[in-house]
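Written below as structure tokens is the structure these notes are about.
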Amino acid sequence: MTPEAIKELVRRDIEDVWVKGNVSAVEQVSGQERKARDPIEGTEVGRGPEQLKSVVSHYRDMFSDLQIEIESLIVDGDMAAARLSVRSKATGEFMGVRVDHKPVSITAHNFYRVRDGKIVESWSEWDRLGLMRQLGVFPMQQERSVGE
């Protein structure tokens with residue numbers, strides 16, 4: 001695949017699957033053996049399109065009004081890296097804290113491996129501490145002046 005074709009595949013994964021919640025698009029962008037990894041959930045959160053559909057639905061239940069802006073998207077060989085700005089509203093409960101409709105804004109970095117026109121591996125690294133602070137799970141540190 002050309003670098004532009006890989007970028008379009010990654011954009012479809014982010015925009016169609018995650019932002020729009022179109023879980024049927026998972027099969028269009030993912031290989032049958034796709035492994036999705038997210039360190040907060042453990043090493044692997046989904047294997048194959050069916051498990052990934054469940055993961056997408058779970059996250060979209062926790063975070064409504066999801067908006068993801070692709071800040072940069074770089075391709076090198078069969079790998080792509082995306083720097084993202086994510087805005088959403090947290091709903092329900094997160095780590096034991098009731099977070100009904102709290103707005104959140106974080107950054108994320110996703111990495112993808114592509115083979116035969118499909119995403120076969122993906123990794124997601126996102127600002128978990130920033131998210132937990134915005135949700136009140138961890139208190140924000142008070143600003144201190146220099147010399148205090």
Side-chain angles (χ1 to χ4, degrees), residues 1-95 97 99-141 143:
M1 288 184 81
T2 66
E4 286 308 312
I6 291 173
K7 286 181 180 181
E8 182 57 30
L9 181 66
V10 168
R11 280 188 195 98
R12 287 189 60 216
D13 186 61
I14 293 168
E15 294 169 3
D16 292 347
V17 174
W18 292 96
V19 174
K20 295 177 183 172
N22 180 2
V23 292
S24 64
V26 171
E27 292 178 13
Q28 297 167 13
V29 298
S30 300
Q32 287 299 313
E33 70 280 10
R34 182 174 178 177
K35 296 176 192 168
R37 297 178 175 92
D38 184 336
I40 199 166
E41 301 286 344
T43 303
E44 195 173 289
V45 294
R47 181 181 289 262
E50 290 308 312
Q51 281 188 348
L52 189 55
K53 287 177 187 180
S54 177
V55 170
V56 169
S57 294
H58 173 70
Y59 274 87
R60 289 191 47 83
D61 285 344
M62 287 192 314
F63 299 99
S64 64
D65 300 329
L66 186 61
Q67 299 171 34
I68 301 174
E69 183 179 347
I70 300 171
E71 299 287 340
S72 61
L73 181 54
I74 300 168
V75 174
D76 183 16
D78 66 346
M79 297 289 297
R83 183 172 55 93
L84 310 170
S85 292
V86 181
R87 287 175 301 288
S88 182
K89 288 184 184 172
T91 56
E93 190 173 295
F94 185 81
M95 297 187 71
V97 175
V99 294
D100 284 331
H101 298 94
K102 287 187 180 178
V104 294
S105 179
I106 61 168
T107 57
H109 296 90
N110 288 359
F111 301 89
Y112 305 85
R113 182 180 310 281
V114 175
R115 185 175 41 227
D116 299 324
K118 304 281 185 169
I119 298 169
V120 294
E121 289 184 278
S122 55
W123 298 262
S124 182
E125 297 283 342
W126 46 280
D127 181 11
R128 290 176 282 290
L129 180 57
L131 175 65
M132 289 186 258
R133 283 184 168 163
Q134 290 174 61
L135 296 176
V137 176
F138 289 130
M140 298 287 281
Q141 281 187 312
E143 296 283 328

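Positions are given from 1 along the sequence. Heavy atoms only: backbone and side chains are in, while hydrogens, waters and symmetry mates are out.
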Between [X] and [Y], which heavy-atom pair has the shortest distance, and what is it?
X	Y	result
Asn110	Tyr112	ND2-OH, 3.2 Å
Ile6	Ala80	CG2-CB, 4.0 Å
Leu66	Arg60	CB-NH1, 3.9 Å

Any side-chain to backbone donor/acceptor pair from [X] onto [Y]? Under 3.5 Å, distance only.
X	Y	value
Glu27	Pro49	no
Ser85	Thr107	no
Lys118	Gln28	yes
Thr91	Met62	yes
Arg128	Trp126	yes
Arg12	Val26	no

How far does [atom1] of [X] sit from [atom2] of [Y], to the nearest 0.5 angstrom?
X	Y	atom1	atom2	answer
Leu9	Met1	CG	CE	5.0 Å
Asp78	Asp116	CG	CG	10.5 Å
Met132	Asp127	CE	CG	8.5 Å
Ile14	Ser122	CD1	OG	10.0 Å
Glu69	Leu84	CD	CG	9.5 Å
Ser30	Lys53	OG	NZ	9.5 Å

Hey, does [Y] have a side-chain heavy atom less than 4.5 Å from the side chain of [X]?
X	Y	result
Gln51	Arg34	no
Phe111	Glu121	no
Trp18	Val86	no

### Query
Does the pair Lys35 and Val120 meet the rule for a side chain to side chain contact (heavy atoms under 4.5 Å, CB included), with working shown?
CA-CA 6 Å; Lys35 296 176 192 168; Val120 294; over 6 Å; no

Practice problem: Using salt bridge (Lys or Arg N to Asp or Glu O under 4.0 Å) as the criterion, list what pairs up with Glu33, not counting sequence neighbours. | Solution: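 Glu33 satisfies salt bridge (Lys or Arg N to Asp or Glu O under 4.0 Å) with Arg115 only.
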
Inset, instruction - For Asp65, enumerate each residue passing the salt bridge (Lys or Arg N to Asp or Glu O under 4.0 Å) test, keeping only those at least two apart in sequence or located in another chain. - result: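 Testing Asp65 for salt bridge (Lys or Arg N to Asp or Glu O under 4.0 Å), a comparison that skips the adjacent residues, returns Lys89.
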
Quiz item: Should Val17 and Val29 be marked as a side chain to side chain contact (heavy atoms under 4.5 Å, CB included) after you check the CA-CA gap, both sets of side-chain angles, and the distance that decides it?
Solution: CA-CA 9 Å; Val17 174; Val29 298; 4.3 Å; yes

Name of the residue among Glu8, Arg11, Arg83 meeting side-chain contact (heavy atoms from CB on, under 4.5 Å) with Leu73
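So, applying the side-chain contact (heavy atoms from CB on, under 4.5 Å) to Leu73 and each of Glu8, Arg11, Arg83, only Arg11 qualifies.
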
### Query
Checking side chain to side chain contact (heavy atoms under 4.5 Å, CB included) for the pair Ile70/Lys7: CA distance, chi angles, key distance, verdict?
CA-CA 11 Å; Ile70 300 171; Lys7 286 181 180 181; over 6 Å; no

